Amino acid sequence: MPNDRKEKMTMKAKPDERHAGAQKVVFLCFTEPVSLSPEEMRPHLDAHKAWLAEMESCSVLFLAGPMLDENYRFSGSGLFVLRADSLQEAACVADADPFHANGIRKYKLVPWQINEGSMDIRVTLSNGEFTLV
């Protein structure tokens, strides 16, 4: 890997301060199937979900889920948003996904700066439900 690319990979993620707002940098991981059909990928799904749960529990995973087509059905693509200090760290995390580690899916990482937006969470204690708006 050329030195300038290596430096960019290991450079600590920092926001572009020319923009206002939250200025939080995360990494979008766009993931696509390589060659297997959804049925052929299914035996590996439990390991992938366990990995996602582990990343979620240690606060590395911010959001994750499948992309849908115009009929709101799984399109084959997916996205997860990672908290990491650098592109290299995000790549190490993405590489550990069993789908990626076993060559079932490929991914592309993109640094993303969060500036605006809102999130409301309603927790109902009596029944343990929550709503994300």
Side-chain angles (χ1 to χ4, degrees):
M1 178 181 313
N3 278 347
D4 59 334
R5 172 128 168 89
K6 188 174 181 178
E7 284 179 24
K8 287 180 183 175
M9 289 283 294
T10 59
M11 181 186 336
K12 182 161 175 55
K14 62 184 177 104
D16 180 344
E17 295 173 349
R18 297 174 295 176
H19 300 273
Q23 295 188 343
K24 173 71 178 161
V25 176
V26 295
F27 295 88
L28 303 179
C29 184
F30 296 93
T31 180
E32 300 281 338
V34 173
S35 62
L36 298 179
S37 71
E39 294 77 27
E40 293 170 313
M41 289 173 38
R42 187 156 306 282
H44 305 279
L45 189 58
D46 287 344
H48 168 71
K49 286 183 175 181
W51 175 83
L52 287 169
E54 181 183 346
M55 294 301 98
E56 181 181 42
S57 71
C58 64
S59 297
V60 171
L61 181 65
F62 177 48
L63 299 167
M67 301 290 196
L68 304 178
D69 64 18
E70 60 277 354
N71 295 313
Y72 303 103
R73 304 292 295 168
F74 176 52
S75 71
S77 301
L79 170 70
F80 45 89
V81 182
L82 301 172
R83 295 179 184 101
D85 288 334
S86 68
L87 191 57
Q88 181 180 31
E89 183 180 315
C92 287
V93 171
D95 286 343
D97 177 347
F99 278 165
H100 300 149
N102 290 302
I104 297 167
R105 296 178 74 86
K106 61 182 179 178
Y107 68 88
K108 177 182 177 184
L109 284 172
V110 178
W112 182 42
Q113 181 169 317
I114 301 171
N115 287 337
E116 297 86 21
S118 67
M119 185 181 302
D120 295 329
I121 301 173
R122 178 183 173 158
V123 178
T124 306
L125 299 175
S126 62
N127 63 8
E129 291 183 358
F130 76 94
T131 304
L132 183 63
V133 182

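The chain is numbered in sequence order, starting from 1. These numbers come from a predicted model, not from an experiment.
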For the residue pair Tyr107 and Ala91, what are the closest heavy atoms and their distance?
OH-O, 3.3 Å
Supply the atom-to-atom distance Met119 CE to Ile121 CD1, rounded to the nearest 0.5 angstrom.
6.0 Å
Which heavy atom of Phe80 sits nearest to which heavy atom of Ala64, and what is that distance?
CB-CB, 3.5 Å
Nearest-0.5 Å distance, CD of residue Glu32 to CZ of residue Phe99
13.0 Å
In terms of heavy-atom contacts, Ser75 and Leu68 come closest through CB-C, 4.1 Å
Check whether any side-chain heavy atom of Leu28 sits under 4.5 Å from a side-chain heavy atom of Leu109, and report yes or no.
no
So how far is it from Asp97 CG to Trp51 CH2, rounded to the nearest 0.5 Å?
4.5 Å
Once rounded to the nearest 0.5 Å, what's the spacing between atom CG of Asn102 and atom CE of Met41?
11.5 Å
In the structure I gave you, are the side-chain heavy atoms of Arg122 and Asp120 within less than 4.5 Å of one another anywhere?
no
For Met67, is there any backbone N or O sitting under 3.5 Å from a side-chain donor or acceptor partner on Ser77?
no
Say you draw a straight line from OG1 of Thr124 to CZ of Phe130; how long is it, rounded to the nearest 0.5 Å?
11.0 Å
Where Pro33 and Gly76 come nearest, the two heavy atoms and their spacing:
CD-O, 3.0 Å
Looking at Ala94, is its backbone amide N or carbonyl O close enough to the side chain of His100 to form a donor-acceptor pair, meaning the two atoms are under 3.5 Å apart?
yes
Ring centres of Trp112 and Phe62 under 6.0 Å apart?
no
Looking only at non-hydrogen atoms, find the nearest pair between Ala84 and Glu89 and report the distance.
CA-OE2, 3.5 Å
Could I get the full list of side chain to side chain contact (heavy atoms under 4.5 Å, CB included) partners for Arg73, not counting sequence neighbours?
Asp69, Asn71
Determine, step by step, whether Leu61 and Leu82 satisfy the side chain to side chain contact (heavy atoms under 4.5 Å, CB included) criterion, reporting the C-alpha distance in whole Å, the side-chain angles of both residues, the deciding distance to 0.1 Å, and the verdict.
CA-CA 5 Å; Leu61 181 65; Leu82 301 172; 4.2 Å; yes
Candidate pair Lys106 and Thr31, rule side chain to side chain contact (heavy atoms under 4.5 Å, CB included), full reasoning:
CA-CA 6 Å; Lys106 61 182 179 178; Thr31 180; over 6 Å; no
The complete set of salt bridge (charged side-chain N to carboxylate O under 4.0 Å, His left out) pairs with one or both residues in residues 75-87, sequence neighbours excluded, reads Lys12-Asp85
Closest heavy-atom contact between Val93 and Met55?
CG1-SD, 3.9 Å
Spell out, yes or no, whether Leu63 and Val110 are grouped together once hydrophobic residues are joined by side-chain heavy atoms under 4.5 Å, including indirect joins.
yes
